[in-house]
Number of protein chains: 2
Amino acid sequence: MRELCLTSGLCPADLARAETMVHARRRIKRNEVLFNGGETFNSVFAIRTGFFKSSVIDKEGREQVTGFNMSGELLGMEGIGTGQYEATAIALEDSEVCMMPFALIEEMSHELRPLQRHLHTMLAREIVRDHGVMMLLGSMRAEERLAVFLLNLSQRFTVRGYSQSEFYLRMTREEIGSYLGLKLETVSRVFSKFQESGLVTVQQKHIRIIDIPGLRKMAGQNG
Amino acid sequence: MRELCLTSGLCPADLARAETMVHARRRIKRNEVLFNGGETFNSVFAIRTGFFKSSVIDKEGREQVTGFNMSGELLGMEGIGTGQYEATAIALEDSEVCMMPFALIEEMSHELRPLQRHLHTMLAREIVRDHGVMMLLGSMRAEERLAVFLLNLSQRFTVRGYSQSEFYLRMTREEIGSYLGLKLETVSRVFSKFQESGLVTVQQKHIRIIDIPGLRKMAGQNG
DNA sequence: CGCCAACTTGATGGCTGTCAAGTCAGGTGG
DNA sequence: CCACCTGACTTGACAGCCATCAAGTTGGCG
């Protein structure tokens, strides 16, 4: 986890200091809101365990899921810009987060170069990730989108020591659809089609990837 | 311009120091590349004058325009994360940029709090902007997308002291389409339809917005 | 003046959305 | 323990939006 979190790459002494940033640990139950869009921004949250979705809601009431977040990732950073959280973060399973007041982070990043650098890296990485999603939404067809989505999940689970090929989805078809710019029926249909093609097996939220190269090809990421 | 750039909100003395960050000014001609995706990241660029497009290219060769950038905005920030530029930035008209080595920015943001804060704000703002585009690509129809696009351009021109209702597009229909997740023919058709509806007049790249409230309604942003 | 890129417009088709009906699984209460 | 109930999911039929293919127009530039 430390690899992904704000405190990576610090020497032990600095690490101890940096950990004073953590103002509180909080347990969040499934379906509980961590923060809501529009609320005053104070803290960034590092996910210790669990699984979240982030989404924004426009004036029409349309929800757009902007990301699914797992251990080691940061939540709420985008609030720096306006002083209020832009997105809403909801736990999709019982989770635990570290709450880090952003004022403290800025304070300490003055003294600890690696921390400052890491903060920048995390922000920039989020931008790069969003550009990937824009590419997906702007120019891929439904099958490509879902293939990319599954491979991305697989890869992130792998990094965390879970199975590369077998996992439970924490989100509904509708949430996947919102993230991918598809309707839930389309998501369901593409899952079925992948199963018929022998790429995966799907039993509700239980996914097993059978043919990773095949999925990669489907995703347009040959190799 | 200072309002939008990295040096906003500094007192005159700090401002003088901050300006030493500017390592060089560069003139970029129309269609010239400022930096290419994959090149080593060294500097962030602040646009002094002109107009750019940023785009990423995937392994399939598909181009996705990730943004159009005008004076006061920063280019290249997303390279912080990986050490190389992710996107390609191309001038759509003769432009002028300030080149600021990122190492210098980090250095100085150690000493100048407002600068550090501003850097974070700019990064976070980019994330928020990208989420808006994700919403647009994920859940809006063609007419809504183009209406949002025109209103956004209008608003940004207004901030810079140009006309709210009349401007020249610097980009082609294809580039607009890439940004909005549409084909160029669709962009053209929607322009024509807006014209028939009396919302705008379109003559090639010359746009005049006739009915801003009407466009807002079309964009689903009533009011 | 001619060429070419950019743009417009029309005809057609396909992907995905919409609407609808039915299935499945998990949780709750009797 | 089982029946029920509800939310999540699947599947089918159909429609609509946008992509695709194609032809023609415009405007800028050498």
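Chain naming here is simple, since letters A, B, ... match the order of the sequence lines and numbering starts at 1 in each.
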Return the 5'-most residue of the pair A:Val187, B:Ser192 with respect to DNA chain C, ranking by each residue's nearest nucleotide.
B:Ser192
Judged by each residue's nearest nucleotide on DNA chain C, which is more toward the 5′ side, B:Arg189 or B:Met171?
B:Met171
Dump the intermediate steps for salt bridge (Lys or Arg N to Asp or Glu O under 4.0 Å) on B:Arg26 and B:Glu32, then the final yes or no.
CA-CA 12 Å; B:Arg26 231 184 103 188; B:Glu32 197 181 325; 3.7 Å; yes
To the nearest Å, give me how far apart [atom1] ([X]) and [atom2] ([N]) are.
{"X": "A:Lys183", "N": "D:dT10", "atom1": "NZ", "atom2": "P", "value": "17 Å"}
{"X": "A:Arg170", "N": "D:dA8", "atom1": "CZ", "atom2": "C1'", "value": "17 Å"}
{"X": "A:Glu185", "N": "D:dA13", "atom1": "CD", "atom2": "P", "value": "15 Å"}
{"X": "B:Glu174", "N": "D:dT20", "atom1": "CD", "atom2": "C1'", "value": "14 Å"}
{"X": "B:Leu184", "N": "D:dT20", "atom1": "CG", "atom2": "C1'", "value": "11 Å"}
{"X": "B:Leu146", "N": "D:dC17", "atom1": "CG", "atom2": "C1'", "value": "15 Å"}
{"X": "B:Arg62", "N": "D:dA19", "atom1": "CZ", "atom2": "P", "value": "14 Å"}
{"X": "A:Asn31", "N": "D:dA8", "atom1": "CG", "atom2": "C1'", "value": "13 Å"}

Just call it for [X]: base, sugar-phosphate, or nothing, with non-hydrogen atoms closer than 4.0 Å on any strand.
{"X": "B:Leu182", "result": "sugar-phosphate"}
{"X": "B:Ser188", "result": "base"}
{"X": "B:Gly181", "result": "sugar-phosphate"}
{"X": "B:Arg141", "result": "sugar-phosphate"}

Non-hydrogen side-chain atoms of B:Leu199 and B:Gln195 separated by less than 4.5 Å
no
Walk along DNA chain C from 5' to 3' and tell me the first and last nucleotide with an atom closer than 4.0 Å to a non-hydrogen atom of chain B.
C:dC7 to C:dA11
Given the rule in the salt bridge (Lys or Arg N to Asp or Glu O under 4.0 Å) test, do A:Glu143 and A:Lys193 qualify, once you have shown the distances and angles that lead to the verdict?
CA-CA 9 Å; A:Glu143 292 179 8; A:Lys193 189 166 181 196; 2.5 Å; yes
Between A:Glu78 and B:His131, is a side chain to side chain donor-acceptor pair (under 3.5 Å) present by the stated rule, with each step listed?
CA-CA 10 Å; A:Glu78 78 285 347; B:His131 287 174; 5.6 Å; no
Relative orientation of the end axes in the helix from C:dC1-D:dG30 to C:dG30-D:dC1, expressed as an angle to the nearest 10° (five pairs per end):
30°
Are side-chain N/O atoms of B:Ser71 and B:Arg160 paired as donor and acceptor at under 3.5 Å?
yes
Classify the side-chain pair A:Ser55/A:Glu63 by whether it contains a donor and acceptor separated by less than 3.5 Å.
yes
Applying salt bridge (Lys or Arg N to Asp or Glu O under 4.0 Å) to B:Arg156 and B:Glu73, what does each step give before you reach the verdict?
CA-CA 11 Å; B:Arg156 288 156 75 200; B:Glu73 298 174 350; 3.2 Å; yes
Aromatic rings B:His120 and A:Phe102: how do their planes relate, parallel, tilted or perpendicular, breaks at 30° and 60°?
perpendicular
Would you call the rings of B:Phe157 and B:Phe51 parallel, tilted or perpendicular if under 30° counts as parallel and over 60° as perpendicular?
parallel
For the aromatic rings, using the six-membered ring if either is Trp, is the centroid distance between A:Phe68 and A:Phe52 under 6.0 Å?
no
For the ring pair A:Phe35 and A:Phe45, is the centre-to-centre distance below 6.0 Å?
yes
Stretch residues 194-208 of chain A: residues that reach within less than 4.0 Å of DNA chain D through a heavy atom
A:Gln204, A:Lys205
Salt bridge (charged side-chain N to carboxylate O under 4.0 Å, His left out) with B:Glu93: which of B:Lys53, B:Lys205, B:Arg170?
B:Arg170
